[in-house]
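The structure under discussion appears below in the form of structure tokens.
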Amino acid sequence: MFITLYRKRRHDKMETLKVNSCETHIYRALDEVTARTESFPVMEEIPGGEELSTPCEYCSQPAIYVVANA
């Protein structure tokens, strides 16, 4: 399992967390972003050409969504 974690701490800014997810694991990604950042997650669909090269961070399926807090 690979979780992409970007930390940016500048003058009290919150950390940014991005998780790539397939349709099966979308609820897990939403829960994880909410629990780690304590903020409302944003779910965006990965554009058509990029989804084939972007794997889900919980399995080997192609990712369909990016879940982030910002």
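Throughout, residue positions are numbered sequentially from 1 according to the sequence presented.
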### Message
Strictly distance-based, threshold 3.5 Å: is any side-chain N or O of Asn20 a donor or acceptor partner for the main-chain N or O of Ala63?
### Response
no
### Task
Check the pair Val67 / Ile26 against side-chain contact (heavy atoms from CB on, under 4.5 Å), numbers first and verdict last.
CA-CA 8 Å; Val67 180; Ile26 189 63; 3.5 Å; yes
### Query
Under 4.5 Å between any side-chain heavy atoms of Tyr58 and Thr24, yes or no?
no
### Task
Evaluate the criterion side-chain contact (heavy atoms from CB on, under 4.5 Å) for residue pair Ile46 and Ile64; output intermediate values, then yes/no.
CA-CA 5 Å; Ile46 296 175; Ile64 298 173; over 6 Å; no
### His25 backbone acceptor or donor facing Ser21 side chain under 3.5 Å
yes
### Query
Nearest 0.5 Å, what's the CG-CZ distance between Asn69 and Arg36?
11.5 Å
#### Entry: For Glu57 against Lys18, the heavy-atom pair lying closest together
OE2-O, 4.1 Å
### Query
Would you say the side chain of Thr34 lies within less than 4.5 Å of the side chain of Pro41, judging by non-hydrogen atoms?
yes
### Task
Of all the heavy-atom pairs spanning Tyr65 and Glu23, show the shortest one and how long it is.
CE1-CA, 4.3 Å
### Task
With the side chain counted from C-beta on, respond yes when Cys22 and Cys59 share a heavy-atom pair under 4.5 Å apart, and no when they do not.
yes
### Task
List the steps and the verdict of side chain to side chain donor-acceptor pair (under 3.5 Å) for Glu32 and Tyr27.
CA-CA 9 Å; Glu32 182 172 346; Tyr27 295 112; over 6 Å; no
### Message
Please say yes or no: joined through hydrophobic side-chain contacts below 4.5 Å, possibly via intermediate residues, are Val42 and Val19 part of one cluster?
### Response
no
